[in-house]
Every structure is written in C-alpha cells, then in structure tokens.
Engineer: 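Pasting in a structure now, in structure tokens, and then I'll have a few things to ask.
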Amino acid sequence: MTLRIAINGFGRIGRTILRQLLTSRTDAGIEVALINDIAPLDMCAYLFGYDSIFGPFPDAVCADDGHLVVGAHRIPVTQTTDISTLDLADIDVVLECAGHAKTRDIAARSLMAGARNVLISGPSDAADKTIVIGANDDMLGDHRIVSNGSCTTNAEAPLVRCLQDQLGLVSAHLTTIHCYTSSQPMVDAPRGDMARSRGGALSMVPTTTSATRLIRQVLPDLKSQLSGAAVRVPVASVSAVDMTATLETDVTVDGLNAMLRKVCPGIIGAIDLPLVSSDLRGRPESLVIATPETMVTAARQVRIFGWYDNEWGFSARMIDMALRMAAR
C-alpha cells in the first residue's frame with residue numbers, strides 16, 4: 001500500500017524530504033500528494049531545483065498550473081496559511097515543516113482537515129509525544145500528533161540510550177558543534193541572545209541547545225545525568241557531537257567502537273577515515289561515529305565524537321517516522 005503524505009512548509013526540511021523521496025528513497029512506497037507553502041510557486045520550484053548545499057536536482061524542475069513538476073512527478077501545490085481549510089481526507093501523514101506548530105490548535109489543523117496523523121519537524125510542546133528513533137520509538141503507541149524532535153536530539157539521544165543500555169551511564173556532557181542556521185544573522189544584528197546577534201558566518205558562537213531539554217524528555221530516567229551546550233560555527237552544513245561520559249562498565253577503545261557499530265544500525269553509523277565535516281554531507285544516519293576520535297581514560301571515562309548532516313539525516317528520520325506512524 002502506498003503511503004500518501006502532504007508536506008506543509010516547503011523550507012529546508014520539506015525540500016530535503018522531497019529530494020530524498022525522489023532520489024535515494026524511491027523504494028519507500030511514499031507518494032507526496034500535496035505541498036502547501038505560502039511562497040510563490042515559481043520560487044518553490046527554483047529553490048528545490050537549485051540548492052546551495054546539495055547542488056542542482058538531477059532532473060528537470062518547473063512550476064506549472066498550480067503544480068510542482070519534477071521529472072515525471074506532478075505534485076499539487078497550495079498556498080494557504082491555514083491548512084485546516086484544505087481537504088486532507090486521503091492523507092495518511094502530514095509532515096508539518098512550517099515551523100509554526102507551537103500550539104495545539106495549530107498542530108491539530110491537519111487533523112481537522114481530515115488527515116490521519118501529523119509529524120512535526122521540530123520541537124513542539126503541542127505534540128502528544130516527542131519520539132526519536134533509536135531512543136524512545138517504543139513509546140510511539142497510537143499518538144496522532146508527534147514531534148520528531150530536533151536534528152541534534154536525533155543525533156544525541158540514540159547514542160545516550162545505547163551507552164545506558166549496553167554499558168550503564170553514570171553521567172555525560174554533550175557539546176554540539178552546529179553549523180549556522182537562519183536563526184542567526186549573517187551580519188551583526190540584534191537578537192534575544194547577545195552572542196547570537198553576531199554574524200553567523202564569521203565567528204564561533206558559544207550558546208545553548210534545546211537538545212538538552214529534549215533528551216531529558218525523550219529519556220526521562222537519565223535527565224539528572226545529562227548536561228549539554230553548543231557552539232555555532234561558520235560552516236553551512238554538517239554538525240557534530242562531542243561527548244564525554246562516565247560509564248558503569250570498563251571498556252576499551254576497540255570494544256567501545258565495535259559496540260557502537262552494531263547496536264543501532266541505520267541510525268548510528270561509523271567511519272574509520274580521518275574525514276572532515278564536508279565529507280559527511282548527505283549521510284542518512286542520525287549520527288556517524290568518527291572512530292579515530294574515540295578515547296578511553298581509566299577504563300570508564302570516554303570521549304565519543306560523531307558527525308551528523310543536520311538536514312539530510314533529520315529528513316531521513318522524518319521519512320522513517322512517517323512510515324511507522326502510517327503502519328500502525
């Protein structure tokens with residue numbers, strides 16, 4: 001059976017999801033039945049066809065009579081600010097990628113329009129549950145409005161869960177080294193956070209991360225054992241997690257790397273070469289462990305470093321979660 005989805009909000013994540021479905025995930029059994037975005041359709045087509053991070057799309061892209069045409073695919077596009085005004089009775093999952101589903105009434109609009117499920121592409125207290133594959137996906141249940149968390153939460157939570165389940169976790173601190181995003185100005189300009197008011201492409205910016213709070217929601221049994229911080233860095237894509245942790249079990253570098261390779265396939269990956277961030281662009285895993293960076297001190301204190309493509313990997317988890325929601 002084909003899963004019918006709608007993408008509400010055709011920004012970075014919405015466009016990346018569609019790129020994957022039309023290239024690397026063509027076997028997923030998913031049909032994009034509708035896109036809704038308030039931007040002009042010709043602009044949507046242009047930004048999908050020419051991407052500064054992932055390059056030009058490898059097929060013809062154009063706008064035609066209310067449709068986004070990509071190769072042989074002709075996808076209807078609407079431009080409403082209130083998705084509840086649409087008829088979504090044939091939609092299995094709405095991928096809520098507009099970034100506005102912060103309140104319950106907005107998050108539930110797709111259900112009001114007839115859709116069966118809503119998956120939010122970011123943190124949202126309006127969701128029934130925040131679910132991260134590899135961390136707490138056993139809690140999905142029959143929740144109809146689900147948050148997929150953040151890209152960083154998807155990178156960190158499976159790693160924390162893995163260490164707790166396999167070795168026992170006494171405490172951990174996670175530093176996110178994150179590329180700049182649209183929440184930062186490109187030149188100095190006022191923001192609520194003074195450091196984040198500085199030009200995002202010009203400096204490394206120490207800041208906080210919402211992932212710390214979200215991991216504590218996803219893994220509440222570990223909330224007292226975790227801390228986190230972030231540094232925004234002047235690169236356009238691919239971020240990293242630098243974790244130090246104290247374990248309950250003695251480990252070696254080789255033993256720890258071997259465990260990380262096998263415990264969560266497809267979600268946690270691994271590389272043995274001394275790669276740099278741009279080499280990890282387009283990787284679909286939530287986190288890719290850089291095994292040469294793994295360290296062990298006094299048998300139980302460890303350092304683990306991993307990369308994640310904060311757009312491509314997160315979009316891959318959106319697709320995976322939509323499939324799980326529809327299969328219930």
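FYI, the numbering just counts along the sequence from 1.
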Engineer: Looking at CD1 of I83 and CD1 of I106, how far apart are the two atoms once the value is rounded to the nearest 0.5 Å?
Structural biologist: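 It comes to 12.0 Å.
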Engineer: Check for a donor-acceptor pair, side chain of T26 on one end and backbone N or O of L22 on the other, with a separation under 3.5 Å.
Structural biologist: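 No; zero donor-acceptor contacts below 3.5 Å.
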Engineer: Using distance alone, with no hydrogens and no angle criterion, decide if H173 and S227 have a side-chain donor and acceptor under 3.5 Å apart.
Structural biologist: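 H173 vs S227: donor-acceptor pair found between side chains.
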Engineer: Could you check whether atom CE of M259 has more than 12 heavy atoms from other residues, nucleotides or ligands sitting under 6.0 Å from it?
Structural biologist: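 More than 12 within 6.0 Å, yes.
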Engineer: T78 and N36: side-chain donor and acceptor closer than 3.5 Å?
Structural biologist: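 The criterion, which ignores hydrogens and geometry beyond distance, is satisfied for N36 and T78.
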Engineer: To the closest 0.5 Å, what do you measure between CZ (F57) and CG (D51)?
Structural biologist: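 One finds 11.0 Å between CZ of F57 and CG of D51.
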Engineer: Quick one: pull up CD1 in I319 and CZ in R25 and give me the separation to the nearest 0.5 Å.
Structural biologist: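 Nearest 0.5 Å value for the CD1-CZ distance: 5.0 Å.
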Engineer: Grab the two heavy atoms, one from V205 and one from R196, that are nearest each other, plus how far apart they are.
Structural biologist: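 Taking every non-hydrogen atom into account, CG1-N, 4.1 Å.
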Engineer: Taking atom NE2 of H67 as the centre, does the number of heavy atoms from other residues, nucleotides or ligands within less than 6.0 Å exceed 12?
Structural biologist: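 Enclosed: over 12 neighbouring heavy atoms sit under 6.0 Å from NE2 of H67.
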Engineer: Aromatic rings Y308 and H178: how do their planes relate, parallel, tilted or perpendicular, breaks at 30° and 60°?
Structural biologist: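 It falls in the perpendicular class, over 60°.
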Engineer: Looking at R261 and L256, would you say the former's side chain and the latter's main chain have a donor-acceptor pair under 3.5 Å?
Structural biologist: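 Not a single qualifying donor-acceptor pair exists.
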Engineer: Is it the case that the side chains of T103 and D105 hold a donor-acceptor pair, with the cut-off being a distance below 3.5 Å and no angle test?
Structural biologist: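 Side-chain D/A pair, D105 to T103: present.
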Engineer: Could you go through C179 and S239, starting from their C-alpha distance and side-chain angles, then the distance that decides it, and tell me whether this counts as side chain to side chain contact (heavy atoms under 4.5 Å, CB included)?
Structural biologist: CA-CA 6 Å; C179 62; S239 300; 3.7 Å; yes
Engineer: Would you find more than 12 non-hydrogen atoms of other residues, nucleotides or ligands less than 6.0 Å from D142 atom CG?
Structural biologist: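 Counting other residues, nucleotides and ligands, CG of D142 stays at 12 neighbours or fewer.
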Engineer: Can you name the nearest heavy-atom pair linking F54 to R12, along with the distance?
Structural biologist: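 Nearest heavy atoms, F54 then R12: CE1-NH2, 3.8 Å.
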Engineer: What's the shortest heavy-atom distance between S203 and P234, and which atoms?
Structural biologist: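 Between these two residues, the closest heavy atoms are O-CD, 3.6 Å.
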Engineer: Quick one about S183 and R191 (side-chain donor to acceptor, distance below 3.5 Å, no hydrogens or angles considered), yes or no?
Structural biologist: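 On atom types as modelled, these side chains do not qualify, holding no pair under 3.5 Å.
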Engineer: Between L41 and Q79, what is the shortest heavy-atom contact and its length?
Structural biologist: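 Heavy-atom minimum between the residues: N-NE2, 3.7 Å.
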Engineer: Rounded to the nearest 0.5 Å, what's the gap from CD1 on I289 to CG on L260? Could you check?
Structural biologist: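 Those atoms lie 5.0 Å apart.
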Engineer: Start with the C-alpha distance between R324 and D320, add both sets of side-chain angles, then the distance that settles salt bridge (Lys or Arg N to Asp or Glu O under 4.0 Å), and finish with yes or no.
Structural biologist: CA-CA 6 Å; R324 293 191 184 203; D320 292 342; over 6 Å; no
Engineer: Please report the C-alpha distance between D125 and K102 in whole Å, then the side-chain angles of each, then the deciding distance to 0.1 Å, and finally whether the salt bridge (Lys or Arg N to Asp or Glu O under 4.0 Å) criterion is met.
Structural biologist: CA-CA 6 Å; D125 292 334; K102 305 300 183 183; over 6 Å; no
Engineer: Which pair of heavy atoms, one from C97 and one from S121, lies closest together, and at what distance?
Structural biologist: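 Heavy-atom minimum between the residues: CA-OG, 3.2 Å.
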Engineer: Is there a salt bridge (Lys or Arg N to Asp or Glu O under 4.0 Å) between D90 and R4 once you walk through the steps?
Structural biologist: CA-CA 7 Å; D90 63 343; R4 290 175 59 82; 2.6 Å; yes
Engineer: Taking R109 for the side chain and T85 for the main chain, is one N or O donor matched with an acceptor at less than 3.5 Å?
Structural biologist: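 Looks like no, no N/O pair under 3.5 Å.
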Engineer: Kindly say whether V241 contributes a backbone atom to a donor-acceptor pair with the side chain of E156 at under 3.5 angstrom?
Structural biologist: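 Such a contact is absent between E156 side chain and V241 backbone.
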Engineer: Look at the side chain of D279 and the backbone N and O of V276, then say whether any donor-acceptor pair between them is shorter than 3.5 Å.
Structural biologist: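 At least one qualifying donor-acceptor pair exists.
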Engineer: Can you list, by chain and residue number, the hydrophobic cluster partners of L280 when the side-chain cut-off is 4.5 Å?
Structural biologist: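 Reading the cluster by chain and number, L280 sits alongside I177, M204, V231, V233, V235, V238, I271, L273, L275, V288, F305, W307.
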Engineer: Evaluate side chain to side chain contact (heavy atoms under 4.5 Å, CB included) for R15 paired with L47, printing each intermediate quantity in order.
Structural biologist: CA-CA 8 Å; R15 295 195 296 269; L47 290 175; 3.9 Å; yes
Engineer: Hey, does the Lys NZ or Arg CZ of R19 hover above the aromatic six-ring of F48, less than 6.0 Å from the centre and inside 45° of the axis?
Structural biologist: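 Yes, R19 lies over the aromatic ring of F48.
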Engineer: Roughly how far apart are D65 CG and R74 CZ, rounded to 0.5 Å?
Structural biologist: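 D65 CG to R74 CZ: 6.0 Å, rounded to 0.5 Å.
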Engineer: Compute whether any side-chain donor of one residue and acceptor of the other, for S150 and T152, lie under 3.5 angstrom apart.
Structural biologist: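 Their side chains do not contain a donor-acceptor pair, so the 3.5 Å distance test is not met.
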Engineer: R281 and D309: salt bridge (Lys or Arg N to Asp or Glu O under 4.0 Å), yes or no, with the steps?
Structural biologist: CA-CA 6 Å; R281 189 171 298 161; D309 187 322; 5.6 Å; no
Engineer: Quick one: do T130 and V146 satisfy side chain to side chain contact (heavy atoms under 4.5 Å, CB included)? Show the steps, please.
Structural biologist: CA-CA 6 Å; T130 298; V146 170; over 6 Å; no
Engineer: Check whether D37 reaches the backbone of G9 with its side chain - one donor and one acceptor, N or O, closer than 3.5 Å.
Structural biologist: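 Flag not set: sc D37 to bb G9 has no pair under 3.5 Å.
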Engineer: Do side-chain atoms of E285 reach the backbone of G266 as a donor and acceptor pair under 3.5 angstrom?
Structural biologist: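 No.
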Engineer: Walk me through it: do N257 and T291 pass the test side chain to side chain donor-acceptor pair (under 3.5 Å)?
Structural biologist: CA-CA 6 Å; N257 281 335; T291 61; 4.6 Å; no
Engineer: Classify the side-chain pair R300/T246 by whether it contains a donor and acceptor separated by less than 3.5 Å.
Structural biologist: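 T246 and R300 do not have a side-chain donor-acceptor pair below 3.5 Å.
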Engineer: Please name the pair of heavy atoms, one in A126 and one in A107, separated by the smallest distance, quoted to 0.1 Å.
Structural biologist: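 Here A126 and A107 meet closest at CB-CB, 4.0 Å.
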Engineer: Between the side chain of Q184 and the main-chain N/O of T181, is any donor-acceptor distance below 3.5 Å?
Structural biologist: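 Yes, Q184 side chain to T181 backbone: donor-acceptor pair under 3.5 Å.
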Engineer: Checking D242 against T175 for the side chain to side chain donor-acceptor pair (under 3.5 Å) test, could you report, in this order, the C-alpha distance in whole Å, the side-chain angles of both residues, the deciding distance, and whether it holds?
Structural biologist: CA-CA 5 Å; D242 198 344; T175 299; over 6 Å; no
Engineer: Is L167 close to E248 at the side-chain level, that is, under 4.5 Å between some pair of heavy atoms?
Structural biologist: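 No - every pair of side-chain heavy atoms lies 4.5 Å or more apart.
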Engineer: Give a yes-or-no answer on whether the side chains of R328 and N117 include a donor-acceptor pair shorter than 3.5 Å.
Structural biologist: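 There is such a pair between these side chains.
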Engineer: Rounded to the nearest 0.5 Å, how far does CD1 of I91 lie from CG of L111?
Structural biologist: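 Nearest 0.5 Å value for the CG-CD1 distance: 12.5 Å.
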Engineer: Show, in sequence, the C-alpha distance, side-chain angles and deciding distance for T16 and Q20, and conclude whether the side chain to side chain contact (heavy atoms under 4.5 Å, CB included) test is met.
Structural biologist: CA-CA 6 Å; T16 303; Q20 291 193 31; 4.0 Å; yes
Engineer: Has N154 got a side-chain atom pairing as donor or acceptor with F314's backbone, closer than 3.5 angstrom?
Structural biologist: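 No; zero donor-acceptor contacts below 3.5 Å.
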Engineer: In terms of side-chain heavy atoms, does D254 have a donor or acceptor partner in T252 at a distance below 3.5 Å?
Structural biologist: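 On atom types as modelled, these side chains do not qualify, holding no pair under 3.5 Å.
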Engineer: For residues 208-222, tabulate all N or O donor-acceptor pairs below 3.5 Å that involve a side-chain atom, not counting sequence neighbours.
Structural biologist:
from, atom 1, to, atom 2, distance (Å)
T209, OG1, A211, N, 3.1
R216, NE, K223, O, 3.3
R216, NH2, L226, O, 2.6

Engineer: Decide side chain to side chain donor-acceptor pair (under 3.5 Å) for R303 and T294; before the verdict, give the C-alpha distance in whole Å, the side-chain angles of both, and the deciding distance to 0.1 Å.
Structural biologist: CA-CA 6 Å; R303 184 256 186 159; T294 302; over 6 Å; no
